[in-house]
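Down below is the structure, laid out as structure tokens.
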Amino acid sequence: MRFLLALLSLITTPVAAQSLVAFPEPTRTDSGAICTRFEAVRVCRQPDGDDGHVVVKRNGRETLRWSASYPGLFDDLRVFRLPDDRLLVAVLDAVSNGISISTRTLTVTDGNTVLYSFMARDFDPDGGSFGVWNRQPVLWATVWRGMDDPSGRRGPGYYLVGRPFFLGPDGLMPVADLPIRVRRLLHSFQRGPGGPVAWLSDRRAESRRHDPFWSGRSSGTPGIITSVDLASSTVTVRVGDRDKEVRLNAWAGGEDRGRFGDAATGRLFPPGYMPTNIEGQLVQIGDGPDGLVVLWIEGINSS
């Protein structure tokens with residue numbers, strides 16, 4: 001019964017207005033920046049020399065600035081205020097050819113500090129990536145993945161995969177009570193109103209208790225994280241008497257391309273996500289699909 005209730009909760013979209021506030025659509029300024037404002041908070045994605053930045057101001061005073069892709073080709077910037085006044089800022093980085101899959105960097109901040117960030121594909125700028133569970137906003141972090149049909153009735157296909165997370169103040173928390181949802185890209189899959197929550201709530205979507213990116217157990221070679229380089233998104237893990245560098249290079253291929261996973265639930269975190277305060281943490285280093293290195297970490301809160 002609890003599993004059925006979890007599925008029903010997935011359909012609740014968008015999040016209730018009192019728990020999540022969407023800033024207005026951004027507008028362009030004379031300086032080339034795109035900005036949005038709600039009450040005393042103004043967020044802009046602006047050019048800065050050859051680079052781009054996101055700037056947060058409160059009552060006209062700058063409180064935070066971080067690097068982002070240069071505005072111009074992809075100008076979308078969306079901001080949501082979470083129940084505890086933290087912000088989720090979504091910057092559009094790219095749109096693919098073919099079926100026009102969007103890639104966004106999502107950053108969670110308290111307005112003074114960047115708390116954490118990660119990447120998602122086909123995040124809905126109108127709020128359709130959010131649902132509700134236990135009266136809390138749930139973000140369905142989505143990616144696309146080519147994989148086999150688990151039922152064996154059809155050949156390999158392309159699937160939208162959605163993993164549910166609470167946006168905690170200290171990091172993402174997997175919602176273990178909700179299943180992972182996947183939906184195969186077929187002619188019937190029209191990315192219409194409602195965003196990922198509506199698409200994954202469709203009767204043609206399927207539930208997964210186990211992460212479809214990971215067919216094994218959340219285990220591997222033990223190691224300890226000795227250092228983190230945020231600038232290059234590189235984690236150094238001490239394995240026995242040697243160091244292994246793992247790069248959280250979200251989409252590119254190559255050796256030592258990594259993702260973090262939650263050992264308690266066996267679920268992967270979104271591409272590019274790095275848990276906070278992880279130096280000195282024990283991890284299990286596992287081999288994932290397509291050469292992916294998975295750092296399974298203990299102690300991540302889930303609910």
Side-chain angles (χ1 to χ4, degrees), residues 6 9-10 12-15 20 22 78-80 82 86-94 101-109 114-133 136-145 147 158-183 191 194-201 205-214 233 248-251 258-262 264-276 288-289 292 294-295 297 300-303:
S9 74
L10 174 61
T12 59
T13 180
V15 172
L20 188 79
R78 299 303 173 105
V79 182
F80 298 86
L82 302 174
R86 287 176 298 130
L87 303 176
L88 182 142
V89 180
V91 172
L92 179 62
D93 295 315
I101 295 173
S102 65
T103 300
R104 284 180 170 84
T105 298
L106 278 58
T107 300
V108 176
T109 170
V114 170
L115 302 175
Y116 51 92
S117 63
F118 54 96
M119 302 182 81
R121 285 189 159 153
D122 276 351
F123 172 85
D124 181 32
D126 296 322
S129 291
F130 293 96
V132 178
W133 180 245
Q136 296 185 61
V138 172
L139 174 72
W140 287 82
T142 44
V143 293
W144 286 90
R145 168 112 182 128
M147 57 188 178
Y158 208 40
Y159 289 80
L160 180 71
V161 180
R163 298 179 181 86
F165 293 97
F166 290 130
L167 297 167
D170 298 319
L172 295 174
M173 297 184 293
V175 187
D177 289 335
L178 292 175
I180 294 172
R181 295 283 285 176
V182 303
R183 186 171 173 187
R191 287 181 287 180
V197 170
W199 309 339
L200 295 171
S201 299
E206 306 167 47
S207 294
R208 294 282 183 273
R209 275 299 184 186
H210 301 289
D211 198 306
F213 279 50
W214 181 256
S233 296
L248 304 183
N249 194 353
W251 307 114
R259 292 265 292 276
F260 275 95
D262 175 40
T265 60
R267 297 182 179 183
L268 296 186
F269 286 103
Y273 174 71
M274 186 180 296
T276 57
L292 186 71
V294 181
L295 299 178
I297 189 167
I300 302 296
N301 293 326
S302 59
S303 179

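Computed from a predicted model, the values in this text were never measured in an experiment. In what follows, every heavy atom counts, from backbone to side chain, and hydrogens, waters and symmetry copies are set aside.
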Keeping the roles fixed (side chain from [X], backbone from [Y]), state whether a donor-acceptor pair exists under 3.5 Å.
X	Y	result
Ser129	Asp124	yes
Tyr273	Gly171	no
Thr142	Arg121	yes

What are the two closest heavy atoms between [X] and [Y], and how far apart are they?
X	Y	value
Met173	Gly168	CE-CA, 3.9 Å
Ile180	Asp211	CD1-CA, 3.6 Å
Pro164	Gly162	CD-O, 4.1 Å
Ala90	Arg104	CB-CD, 4.2 Å
Ala120	Leu106	CB-CD1, 4.5 Å
Tyr159	Glu206	CE2-OE2, 4.5 Å

Could you check if a side-chain atom of [X] sits within less than 4.5 angstrom of a side-chain atom of [Y], using non-hydrogen atoms only?
X	Y	answer
Arg78	Leu92	no
Val175	Phe166	yes
Thr276	Leu115	no
Pro275	Phe260	yes
Pro270	Met119	no
Leu139	Phe118	yes

Any idea how Phe123 and Phe130 line up, ring-wise: parallel (<30°), tilted (30 to 60°), or perpendicular (>60°)?
perpendicular
Could you check whether the rings of Phe165 and Phe269 sit parallel, tilted or perpendicular, using 30° and 60° as the cut-offs?
parallel
Rounded to the nearest 0.5 Å, how far does OG1 of Thr109 lie from CZ of Arg86?
9.5 Å
Just how far is it from atom CG of Leu87 to atom CG of Leu167, taken to the nearest 0.5 Å?
12.0 Å
With sequence neighbours left out, write down each residue that passes salt bridge (Lys or Arg N to Asp or Glu O under 4.0 Å) with Asp122, or none if nothing qualifies.
Arg191
Between Val182 and Arg145, is a side chain to side chain contact (heavy atoms under 4.5 Å, CB included) present by the stated rule, with each step listed?
CA-CA 10 Å; Val182 303; Arg145 168 112 182 128; over 6 Å; no
Can you check side chain to side chain contact (heavy atoms under 4.5 Å, CB included) on Asp262 and Ile297, steps first, answer last?
CA-CA 6 Å; Asp262 175 40; Ile297 189 167; 5.6 Å; no
Testing Val143, Val161, Val294 for side chain to side chain contact (heavy atoms under 4.5 Å, CB included) with Leu268, which one passes?
Val294
